[in-house]
Protein chains: 2
Amino acid sequence: MKKNSGKETLSIIRLAELTGISKSTISRVVTKHPSVSEKTREKVEKAIEKYGYVPSISGRSLAGAKTGIIGLISPYIASGYAAEVISGATAEARSQGAHILCSASHNESDYLELLRDMSRWRMMDGILLIAPPDLIYKEKRPENTPQLVICSSKPAPKADTSWKELDTVTVANRKYQTELLEKFYESGCRSFIYFSGDDQNYDAHERFGAFKSFVEEKKLKWTSARGSYNGYEMMSAMKVEKLPDAIICFNDQIACGVYQYLKEKGLDNKIKLSGFDGDPSSETYKFSTVEVPLLQIGKTGVQRLFERINGYNEAKREDIIELKVRI
Amino acid sequence: MKKNSGKETLSIIRLAELTGISKSTISRVVTKHPSVSEKTREKVEKAIEKYGYVPSISGRSLAGAKTGIIGLISPYIASGYAAEVISGATAEARSQGAHILCSASHNESDYLELLRDMSRWRMMDGILLIAPPDLIYKEKRPENTPQLVICSSKPAPKADTSWKELDTVTVANRKYQTELLEKFYESGCRSFIYFSGDDQNYDAHERFGAFKSFVEEKKLKWTSARGSYNGYEMMSAMKVEKLPDAIICFNDQIACGVYQYLKEKGLDNKIKLSGFDGDPSSETYKFSTVEVPLLQIGKTGVQRLFERINGYNEAKREDIIELKVRI
DNA sequence: CTGAAAGCGCTTACAG
DNA sequence: CTGAAAGCGCTTACAG
């Protein structure tokens with residue numbers, strides 16, 4: 001049963017008949033194998049152009065060759081964070097003639113399942129993992145995964161060993177969270193609230209970790225809350241007996257809500273506020289933030305992936321993305 | 001060359017050896033073909049479970065069978081709109097044992113190219129088109145597309161005929177935009193500004209169309225502006241000599257920015273403001289909106305797609321999603 | 001109800 | 001430099 005009963009799709013065999021050149025040679029032209037004479041190469045290229053031949057992914061894949069498709073798994077497709085990273089990855093892939101195909105996980109335990117499925121399909125040259133939840137590292141890495149690169153996370157020291165030695169693209173969260181806190185401190189802040197989001201992942205740990213180190217080292221007053229990305233609700237729910245000098249949020253999304261709350265209470269000029277990521281919102285709503293070059297994370301991830309796929313084994317194992325504090 | 005030099009992946013042939021049952025029969029069990037005895041079916045199912053056999057997509061695809069993968073193309077992956085629709089689609093697909101693979105277009109002319117590529121791969125059972133830009137309808141539909149369902153758009157009357165007769169899931173934009181305008185009118189609004197976004201697509205036309213019909217019919221004062229989704233900037237750029245009674249925005253994203261501007265100028269209680277979509281932001285920032293059940297759009301789209309894929313030809317050709325005005 | 005065989009579209013050693 | 005052949009993993013008429 002053919003799936004498309006419409007016009008027959010042009011296979012390499014048909015093209016071979018049409019041109020009188022063997023499919024082996026045509027295949028070599030398509031895959032840019034060097035051992036083809038200039039003359040036949042040209043002839044084939046013209047025919048490909050003329051008839052609009054496009055190789056079938058399934059055929060390629062079955063023959064064990066590269067497909068030019070790379071997968072991407074993201075837990076946060078609804079957040080601006082993932083969307084930007086995906087955008088950067090997509091652009092970079094396209095510029096290399098490849099395609100990104102994304103799959104969104106619905107919850108933390110879903111994520112690993114998705115990786116398992118994608119790997120089983122044996123159809124991707126590689127997979128980019130965006131901000132995987134911590135818990136995937138507790139289980140064994142699925143078998144038969146293609147090349148993997150992890151963005152915005154890296155296997156914890158206690159991770160299952162099957163996850164080690166993967167390329168990672170991470171963000172220098174600690175360094176820049178601390179830098180921001182130092183500036184707040186210099187401007188007189190001595191008491192803090194920290195709002196985490198709801199997910200357990202690398203960025204969350206790193207940012208909160210930096211906060212905690214800072215306030216404990218300086219012996220400052222602080223509290224924290226977590227459970228949602230709605231800053232407005234988190235603020236409302238919190239019974240604050242005494243207002244802090246500053247509120248530090250895991251990301252800009254939370255900070256937006258908090259800002260709205262402060263504005264309503266007329267506190268927006270009394271309490272310092274910071275988010276993280278550098279969303280457009282952070283400009284409109286005027287709070288401090290740390291700008292994360294999200295597009296670049298995706299781009300770098302794809303670059304590393306291609307290096308592995310193409311066997312450049314001297315590639316960096318870890319990329320650390322530098323950020324910029326905006327007060 | 002095998003792509004994964006690690007542990008050999010288990011093929012149907014190997015499973016046949018392992019169980020002593022022919023691969024034909026195993027295949028029949030996997031595809032749920034009825035002509036298999038209860039006894040062998042059970043035996044095969046146990047073996048599949050035991051050895052963890054998962055069919056290769058490429059194999060299936062080459063043999064002309066269904067793959068259980070449906071593609072999704074979206075122009076707006078960075079917007080909350082698309083993210084929600086994708087989320088609904090993903091959930092529905094998963095509940096039917098299928099997978100959604102998304103690809104994001106970068107600009108309007110990109111969109112069609114993506115559809116062309118996805119179709120050529122011959123690997124998807126169907127493709128969901130989310131809010132395609134108007135201009136794709138000017139060109140011919142690519143050949144060999146699998147089943148298609150269009151969400152948040154439908155071919156214009158003047159579209160190339162190759163686009164006709166596709167299933168569509170659309171939103172009753174006109175009806176509810178008008179309802180909202182009527183309520184504003186009843187509460188005394190007589191002059192309006194309308195902010196479009198930057199894209200030429202179905203929703204944009206419908207919503208602005210409803211607005212225009214309304215103000216022209218009632219002979220009200222109005223102006224409009226377009227070019228970006230940043231409402232704050234659009235407001236700042238606009239030289240308003242006289243403040244309007246109400247500002248109507250294409251979506252909540254724009255309305256958020258406008259709200260921020262009004263708040264800053266202390267105008268937020270003087271001018272009525274509305275967005276569209278029912279983002280969480282519309283609650284936090286307090287403006288009127290029309291709630292669009294975005295998850296349901298994606299869900300319905302996937303349902304229609306499966307009906308076509310499975311050959312239920314009595315399926316509806318058009319789904320119209322009803323909305324809810326929130327003042 | 002079950003199996004052997006052909007075929008889907010590719011790639012790549014192998015032989016020339 | 002080029003081609004014939006084997007093989008990748010599946011499905012499905014066909015024959016029994």
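Letters A, B, ... mirror the listed sequences (proteins, then strands); counts begin at 1.
With values rounded to the nearest 0.5 angstrom, B:Leu148 atom CG is found 11.0 Å from B:Ile70 atom CD1. In this structure, CE on A:Met124 lies 7.0 Å from CD1 on A:Ile69, to the nearest 0.5 angstrom. Annotation: the span from B:Arg116 atom CZ to B:Ile136 atom CD1 amounts to 10.5 Å, rounded to 0.5 Å.
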Could you give the side-chain donor-acceptor pairs of residues 16-23 of chain B under 3.5 Å, partners two or more places apart or in another chain?
| residue | atom | partner | partner atom | Å |
| --- | --- | --- | --- | --- |
| B:Glu17 | OE1 | B:Arg14 | NH1 | 3.0 |
| B:Thr19 | OG1 | B:Leu15 | O | 2.9 |
| B:Thr19 | OG1 | B:Ala16 | O | 3.4 |
| B:Thr19 | OG1 | B:Ile21 | N | 3.2 |
| B:Ser22 | OG | B:Ser24 | N | 3.4 |
| B:Ser22 | OG | B:Thr25 | N | 3.2 |
| B:Ser22 | OG | B:Thr25 | OG1 | 3.3 |

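The nearest whole Å value for the distance from the CE atom in A:Met123 to the P atom in D:dC10 is 15 Å. Between A:His33 atom NE2 and C:dT12 atom P the separation is 9 Å, expressed in whole Å. In this structure, A:Ile57 places its CD1 atom 15 Å from C1' of D:dC8, rounding to the nearest Å. Atom NZ in B:Lys66 sits roughly 19 Å away from atom C1' in D:dG9 (whole-Å rounding). Here D:dG3 presents its P atom at 13 Å from NZ of A:Lys23, a figure rounded to the nearest Å. In this structure, the CG atom of B:Leu62 is 11 Å from the P atom of C:dT11, given to the nearest Å. Nucleotide C:dC1 holds its C1' atom 16 Å from the CD atom of B:Glu42, rounded to whole Å. With rounding to whole Å, A:Ile21 atom CD1 is found 15 Å from C:dT11 atom P.
Contact annotation: B:Thr31 side-chain N/O to D:dT11 OP1/OP2 distance is not under 4.0 Å. Side-chain N/O atoms of A:Thr40 include one lying less than 4.0 angstrom from OP1 or OP2 on D:dT2. Within the structure, every side-chain polar atom (N or O) of A:Ser22 is placed at least 4.0 Å from both OP1 and OP2 of D:dT2. Listed pair A:Ser37 / D:dT2 meets the phosphate criterion, a side-chain N or O lying under 4.0 Å from OP1 or OP2.
In a base pair of the Watson-Crick type (N1 to N3 plus N6-O4 or O6-N4) or a G-U wobble (N1-O2 and O6-N3), with each distance short of 3.5 Å, D:dG16 is matched with C:dC1.
The base of D:dA4 is paired with the side chain of A:Ser24 by a donor and an acceptor separated by under 3.5 Å. Side-chain atoms of B:Arg28 come within donor-acceptor range of the base of C:dG3, with a qualifying N/O pair under 3.5 Å.
Taking every side-chain heavy atom of B:Val36 into account, C:dT2 is the closest of D:dC8, C:dT11, C:dT2. Distances from the side chain of B:Ala65 to the nucleotides D:dT11, D:dC8, D:dG9 place D:dT11 closest. For B:Ser35, the listed nucleotide lying nearest its side chain is C:dT2; candidates were C:dC10, D:dC10, C:dT2. The A:Ile12 side chain lies nearest to C:dG9 when the options are C:dG9, D:dT11, C:dT2.
Using P as the reference atom, D:dG9 and D:dA13 are 23 Å apart when rounded to the nearest Å. For the P atom pair drawn from D:dA5 and D:dC1, the interatomic distance equals 23 Å after rounding to whole Å. Separation of the P atoms belonging to D:dC10 and D:dC14 is 24 Å when rounded to the nearest angstrom.
Other residues, nucleotides and ligands contribute only 12 or fewer heavy atoms inside 6.0 Å of the NZ atom of A:Lys138.
With salt bridges taken as basic N to acidic carboxylate O contacts below 4.0 Å, one links B:Arg304 and B:Glu307.
Using a 4.0 Å heavy-atom cutoff across all strands shown, A:Ser56 reaches sugar-phosphate atoms only and no base atom.
The residue among B:Gly59 and B:Glu38 whose nearest nucleotide of DNA chain C is located toward the 5' end is B:Glu38.
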